Amino acid sequence: MWCCEGVCPAAGSCRSVSLQGSQCPAGRTGSPGNGCQLGGGVSGAARPSVGVVGSEWSNCQPWQAPGGQRGKELPGLGSWDEAVGLAPRATGEAEAFRENLQEMDQFLGPYPYETLKKWVSLTSFISEAAMKKLQPESRQICAFSEVLPVVAGRLTRDRAEQRLPPFGATCRSYAEGVARLPQMKPKAGTEIRFTELPKQMYPDGATPEEITRHSMDLSYALEKVINQRYASQPVDLLAELQFAFICFLIGNVYDAFEHWKRLLNILCRSEDAIGKYQDLYINLISVLYHQLSEIPADFFVDIVSQDNFLTSTLQVFFSCTCSAAVDGTLRKKAEKFKAHLTKKFKWDFEAEPDDCAPVVVELPEGVQVD
C-alpha cells in the first residue's frame, strides 16, 4: 500500500492508476521522505467502497504499519509487494478483509468527501461494464507505456541479419539517424482499449463532392465509431470520453488526452448526428461543463500557432446547434453553455474562423479586375 501527501487521486496527483470503479479511494496523509501514516478514522464508520487501485503515486512513500509491519492489506485494494508490484488478492482473502473492516478501522484514513461530488461528476457515465471494456488487460494504467521492439536488434548478429550498421557506426545524416532507431510497439495487454477512431472520414469510392461533405460534417465517422461498440446505447460513448479525460487528468496519459481530443472533435463536427442523437449531445454538454472546470483557460492553446483547439471545435458545435432541426432543449442548453464559457474563459465564439475568412490576394502589377 502506498500513501500520498494528503491528496486524493481525484485531484490529479498520481502517476499511474488502475481504475476499479467510479469512486475515489480513501484519503491519505504523510510527507515525502518521512514515510506515510494513514490518518485515523471513526471506528465503525461507513465508507464508500474504494474505487481506484494505484501504484507508483507521485511523492509517495511505502506505508509503514504500526509495529513495523509492511505490506498491510486493505479491503478492495490488494497488497503491495515491493519486489513484484501491486497484485489483486484472492476472492476469499478479500472477503475476509471486508468482514474485519471495523477492526481495521483505526488504521484507515477518512474518506475525502469534499472531492466526492467532483469525482462523481467526472465519472457519471463510467459503469463497471464500461470500465472493464476500456481498461488494459493488465488492469493497470501507466503514464508511460511499456514498449517492446518490433524486431530484435540488441545483438550484433541481429543487426547483421537485418542489414543494419553496427552501433558504433557514425550517422551521415539526421534521416539516417532516425532510420536507425528501433521500431517499438506497446507491450501486449498494457494498452487502454479505446474505440478505434476512423482515419478516413468518408466511405470508400466517394465522389469528390461526397469527400468534401463528409470532411466538413463528420457524421459518417461518428456513425462508424458508434456502430463499433455503442449501437444499442449511443450515449454510452460519453463513458469513453470521460474515461479518456480521467486517464489524462489523473494518470498523465498523453495518448488518452489525444484520444479525448479526436473523439470530441468528431462529436462536435457531426452536424447531421446532432439532430439524430439529441440525448447524447444534451449529456455531452454536461460532461464538458465538469471537465472544463478542471483545467486552466489557456491549456488548449497550441504553443506554436497560438490556436485554441477547443474554441474552434466548440464554435462549430454551437453553430450546428442553431439549426432548426435541433430540439429546443438542446439549443437552449447549448446557448447557456456558450454564455458560461464566454464569461468564465473570455473565449470568443462569434469571431469568424480563419479558414472561413476572406483571403486578400495581391494582383500582379498592371492587372485590373473589372
Side-chain angles (χ1 to χ4, degrees), residues 9-10 12 14-22 51-55 119 121-148 150 183-202 218-270 273 277 280-281 283-284 286-288 290-292 294-295 299-300 309-310 313 317:
C14 68
R15 191 169 71 242
S16 170
V17 304
S18 176
L19 297 178
Q20 295 293 326
S22 60
V52 177
V53 176
S55 63
W119 180 252
S121 299
L122 291 172
T123 59
S124 55
F125 286 93
I126 304 179
S127 62
E128 183 177 0
M131 179 272 300
K132 289 181 177 179
K133 187 184 300 182
L134 293 166
Q135 71 175 357
E137 295 177 2
S138 64
R139 301 177 63 193
Q140 292 188 347
I141 297 173
C142 300
F144 301 99
S145 301
E146 185 176 352
V147 294
L148 299 172
V150 176
Q183 294 184 354
M184 310 298 287
K185 62 179 181 180
K187 183 179 179 181
T190 63
E191 289 182 286
I192 302 176
R193 293 175 288 180
F194 289 129
T195 303
E196 184 177 355
L197 302 182
K199 296 179 181 179
Q200 179 177 297
M201 302 302 178
Y202 50 86
L218 304 184
S219 297
Y220 171 79
L222 180 59
E223 289 288 355
K224 290 187 67 175
V225 174
I226 291 176
N227 290 336
Q228 285 186 59
R229 286 182 171 176
Y230 308 107
S232 61
Q233 194 70 23
V235 75
D236 287 346
L237 180 61
L238 298 179
E240 183 165 334
L241 191 72
Q242 287 186 327
F243 192 88
F245 186 82
I246 286 295
C247 288
F248 171 69
L249 182 70
I250 296 180
N252 299 326
V253 182
Y254 183 73
D255 287 344
F257 175 59
E258 285 297 315
H259 184 81
W260 179 85
K261 288 203 304 181
R262 290 183 61 203
L263 181 55
L264 181 61
N265 181 64
I266 292 176
L267 283 165
C268 289
R269 296 178 183 272
S270 300
Y277 301 109
L280 167 66
Y281 282 93
N283 286 287
L284 172 64
S286 300
V287 168
L288 288 177
H290 294 292
Q291 290 181 344
L292 298 186
E294 301 301 312
I295 51 181
F299 182 81
F300 295 98
F309 153 78
L310 203 54
T313 302
F317 172 66

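Values in this document were obtained by computation on a predicted structure and should not be read as measured data.
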Smallest separation among heavy atoms of [X] and [Y], with atom names:
| X | Y | result |
| --- | --- | --- |
| Cys247 | Ala256 | CB-CB, 3.7 Å |
| Glu240 | Thr195 | OE1-OG1, 2.7 Å |
| Ala244 | His259 | CB-CD2, 4.3 Å |
| Pro234 | Tyr277 | CG-CE2, 3.7 Å |

Distance (rounded to the nearest 0.5 Å) between [X] [atom1] and [Y] [atom2]:
| X | Y | atom1 | atom2 | answer |
| --- | --- | --- | --- | --- |
| Gln135 | Lys133 | CD | NZ | 12.5 Å |
| Ile246 | Glu294 | CD1 | CD | 8.0 Å |
| Asp236 | Ile126 | CG | CD1 | 11.5 Å |
| Glu191 | Lys185 | CD | NZ | 10.0 Å |
| Leu310 | Ile295 | CG | CD1 | 6.5 Å |

Should [X] and [Y] count as side-chain neighbours, where that means a heavy-atom distance under 4.5 Å?
| X | Y | result |
| --- | --- | --- |
| Leu122 | Gln242 | no |
| Cys142 | Thr190 | no |
| Leu134 | Arg193 | no |
| Phe125 | Phe243 | no |
| Asp255 | Phe248 | no |
| Phe317 | Thr313 | no |

Plane angle bin for Phe257 and Trp260 - parallel if under 30°, tilted between 30 and 60°, otherwise perpendicular: parallel

Donor-acceptor under 3.5 Å ([X] side chain, [Y] main chain):
| X | Y | answer |
| --- | --- | --- |
| Ser270 | Leu218 | yes |
| Ser138 | Gly189 | yes |
| Ser219 | Ala273 | yes |
| Asn227 | Glu223 | yes |
| Gln291 | Phe245 | no |

Side chain to side chain contact (heavy atoms under 4.5 Å, CB included) partner of Leu284, the single match among Leu264, Val235, Leu237: Leu264

Lys/Arg N to Asp/Glu carboxylate O, Arg262 vs Glu258, below 4.0 Å: no

